[in-house]
Amino acid sequence: MDWLADAARSLNEATGITLTYLYDGYDGGRFLEGIVNTVLLSLACLSASLVIGVVGAFARGAKSAAVRWLVGGYTELFRNTPPLVQMYFLFFGVGALLPTVQNRWGFEEPMLGAWAWAIISLSFFAGAFNVEIFRSGIEAVPRATVEAAESLGYTRLQIYLHVVLPLAFRVCLPALNNNLVNLVKTTTLAYAIAVPELLYMSNQIWSDSLNVPEMMVTLLLLYVGLVGVLVWAMHRWEQAMRIPGFGRSAA
Amino acid sequence: MRVTVATAAIALAAATLGPAGAASADVLADVKERGVLRVGVKADYRPYGFLNAEGEIVGIEPDLAQDVADDLGVELEMIPVVSSNRMQFLEQGRIDLMIATMTDTEERRKVVRIVDPNYYSSGTNVLARKQVGLKEWSDLEGAPVCGIQGAFYNRKTEEEFGAEIVAFTGTAEALTALEQNRCVAFVYDDAFIVSRLGEAAYADFEMPLDTIDDAPWGLAVALGEDAFADYMSEAIKGWHGSGRILALEDEYGVPHTPFSVKMHETYRTGG
């Protein structure tokens, strides 16, 4: 990669375009760490929000009114408040009320750190939308299909897992795509509670090197790439799961 | 007839000079004519410039501004500025003088006329609980240290002293994280830390390390205002020589900074 560093250095000398992360070892290290952290944060939140969506949508159809009310309340709360406010609220507000643990320096520190709260708050945020997205898919499954499964002796959970969810998934994939793309972009908010993701690291680099425009362009391209990979993977998944004759209008 | 000729001459001069004439006008003369000196000061930087319980701007810098106004024999009008707009206020002529905790840098000297000598100075230090018992910067090795995003000393604190910087967007968030023990120390401007240590909430905290990266503060006038700059230069020398800065530090409970002591020595013997 030396040639790349040399090229970036000559570019800087010739044009004043400063891409320090290509030739300054320290900047390069933290930039890479930022990318890795953003990917990890995204993967963790994607998985957790999907689980929340699946479980939440199931619970929305529960017999118990209390459970339905609880899930409804959760969806409204997290869908109707800004994700940055949620993150601050959870990290500084709720975080301080939880039990503390003693750290290396002998001080009582809140048990959950910035990483944990970022994953929790982002997953809850995206999860609230996922619940609604899955619900829309579930409602699109014909009543007759569910009745057929019931007459075969399936329990409610079995029907959900083996009949309703597989069909619902295929219906709601486009909407799910949108929400997951949004989630990857929203991980940048974690910089506010000092999770060293891509935006956080870039902010520090442009503050040190005063190369704001260069870092902005870099960030933009990187997120286009990251989201591009996700969209590509989701499309492949959509293709692979396609059932001939289902979910497409007759043409 | 004489009056008419004179009026015509003035009108002609004004027309020829136009805005250029206005720009090169002496701001000192303007201030005296107006009877008001407009000074840009901080209103959120205790004790250098802050709001008291009555909502008035007070502090070390407002007191210095008052000295200038008194010496000129005019009224003082203080205009609150923040770091991101203070130089623009001066450039646009909305203030005549800026005394607003501004670090003196080469880049800034291209935009405004920073007056020599510097009137104050601050550097980097940390705020930490007394129980931590920090003695040297190297004690921060491997420790989570709260900071402010974009501060230039974050990198140094990480690279040279091995700390793990946990940077937040503002001082309130960073201080809350420090109080919740999410980090061992808070690295920031020593002048800010000193001001916080004066508050009861920080009784268990200290500023234990030697200040590094000491950087001078400059007060500024608009570019081209040479007469006013010379006037302010003499005023600053006077503040240092007479011990005015040291007295203000005492008044606002700031320990004497090495810079103020040194400048007092220099200008007392020199003047």
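In what follows, every chain begins at residue 1, and chains take the letters A, B, ... in the order their sequences are listed. Everything numeric in this text was worked out from a predicted model, so none of it was measured.
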- Query: Any ion pair linking B:Lys156 and A:Asp208 (charged N to carboxylate O, less than 4.0 Å)?
  - Reply: no
- Quick one: of B:Asn181, B:Thr176, B:Val166, B:Thr169, who has the most non-hydrogen atom pairs under 4.5 Å with chain A? B:Asn181
- Task: For B:Glu106, look at atom CD and say whether over 12 heavy atoms of other residues, nucleotides or ligands are found less than 6.0 Å away.
- Result: no
- Note on the structure: Whatever's closer than 4.5 Å to a heavy atom in chain A on B:Glu179 counts as neither
- Task: Measure B:Val132 against the heavy atoms of chain A and call it side chain, backbone, both or neither at under 4.5 Å.
- Result: both
- Which bit of A:Tyr200 comes within less than 4.5 Å of chain B, counting heavy atoms only: side chain, backbone, both or neither? side chain
- Message: More than 12 heavy atoms of other residues, nucleotides or ligands under 6.0 Å from CG of B:Asp116: yes or no?
- Response: yes
- Item | Closest non-hydrogen atom pair between B:Ala167 and A:Ala194, with its separation | O-CB, 3.3 Å
- What part of B:Ala151 gets closer than 4.5 Å to chain A, counting heavy atoms only: side chain, backbone, both or neither? backbone
- Item | Atom group of A:Tyr88 that falls short of 4.5 Å from chain B, counting heavy atoms | side chain
- Message: Do A:Gln204 and B:Asn154 pair up side chain to side chain, a donor and an acceptor below 3.5 Å, judged on atom types alone?
- Response: yes
- Contacts with chain B made by residues 27-36 of chain A (heavy-atom distance under 4.5 Å), listed by residue number: A:Asp27, A:Arg30
- Pairwise distance CZ(A:Phe92) to CD(B:Gln180) - rounded to 0.5 angstrom: 6.5 Å
- Message: Is the terminal nitrogen or CZ of B:Arg182 (NZ for Lys, CZ for Arg) located under 6.0 angstrom from the six-membered ring centre of A:Phe107 and within 45° of that ring's axis?
- Response: no
- Message: Does A:Tyr26, at its OH atom, have more than 12 non-hydrogen atoms belonging to other residues, nucleotides or ligands within less than 6.0 Å?
- Response: yes
